[in-house]
Amino acid sequence: MVRVKMMAAALTGLLAVSALAGCGGDKDSGSGSSGDGKLVLGFSQVGAESGWRTANTKSIQDAAAAAGYELKFSDAQGKQEKQIEAIRSFITQKVDVIAFSPVVTSGWDAVLKEAKDADIPVILTDRAVDSQDKSLYKTFLGSDFVKEGKEAGDWLVKQYEGKTDPVNVVELQGTVGAAPAIDRQKGFADAIAANPNIKIVKSQSGNFTRAEGKTVMEGILQSTPKIDVLYAHNDDMGLGAIEAIEAAGKKPGVDIKIITVDAVKDGMTALSEGKINYIVECSPLLGPQLMDLAKKVKAGEAVDPRILTVETTFTQEQAKAALPDRKY
Ligand code: AHR
């Protein structure tokens, strides 16, 4: 009975990922690579919550096609249980390599152990997990989110250098428990710590989406009489908040200074128009590096356990210059 239930669960998982697959067909059962010798990569994506995520998905799909891999792509719609289900299905299908961008940091040990026991190498992209056993994955490719938060805070401190008047900051956090939300909060808090006049007066999650950024900011505008600065953990929440600020009769970028992270086209446009004051870049273009790493780990080659993305920051003037060539 138990055996029948386990088989049924495995089959359900397999069907779920096949239904969600963006590219690639079925793989020969029991073989290491696809029937035509292509490397088979199972990728579990967080969802489609932001412009950054859309660009990241495109980068991965384009790079897989260019490398000639078979990509089994699964969208978790922001749910950890869907990611675990997808990873289990990739294991059942015996893909060559599993990669994923974890929705939240904790709760991955069991499924990562299953992948390790099945001898399938795992690559973390974009976001980290908090597993103590580093042998559960081969490498983590992505940004330094603490540094991003610190850069946002450093810029703010510079704007108020030599001033002692209170500066009230509202923080729109990303998804609760997600690495970029935890780290961007920490980096920013560390950067402003030595300036007691700069205070975070409200800090709430907008779940990395434009819609929630707007509704959360609407509430905060009503309950908080003096807001000098908005720090949003991504462009999308910042853009949603801008709509709320304008609807409240205030000028974004002037009445309330705005700092965001990502530097996607919409964010850069708002920055060049003066509605955002500063953006810390977080690059979503991880596809080519991921494909290279997948080839290496499949071949059993050693790879660096941590691969950092190269990023920059943008002022309003720099955004104007960079916009025409912005790819995403
Ligand atoms: O993990 C990267 C973050 O996730 C991006 O900054 C944000 O826009 C996305 O949703």
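Whatever order the structure lists ligands and atoms in, that order sets their numbers, starting from 1. These numbers come from a predicted model, not from an experiment. Basis for what follows: all heavy atoms, side chains included, without hydrogens, waters or symmetry-related copies.
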| query | Just by distance, with hydrogens left out, do Asn197 and Thr164 show a side-chain donor and acceptor under 3.5 Å apart? | reply | no
| query | Linking Ile, Leu, Val, Met, Phe, Trp and Tyr by side-chain heavy atoms under 4.5 Å, what else ends up with Phe208? | reply | Val170, Leu172, Val201, Val216, Met217, Ile220, Leu221, Ile227, Leu230, Met237, Leu239, Ile242, Ile245, Ile256, Ile258, Met268, Leu271, Ile276, Ile279, Phe314, Leu323
| field | Nearest-0.5 Å distance, OH of residue Tyr328 to CG of residue Asp266 | value | 12.5 Å
| Close-range residues for ligand 1, whose non-hydrogen atoms fall below the 4.0 Å threshold | Glu49, Ser50, Trp52, Arg53, Asp126, Arg127, Phe145, Pro180, Arg184, Phe208, Asn234, Asp262
| message | For Ser50, give me all partners under side chain to side chain donor-acceptor pair (under 3.5 Å), at least two apart in sequence or on another chain. | response | none
| message | With a sphere of 6.0 Å drawn around NZ of Lys226, does it hold more than 12 non-hydrogen atoms of other residues, nucleotides or ligands? | response | yes
| field | Which residues share a ring-ring contact (aromatic ring centres under 6.0 Å, His included) with Trp52, sequence neighbours left out | value | none
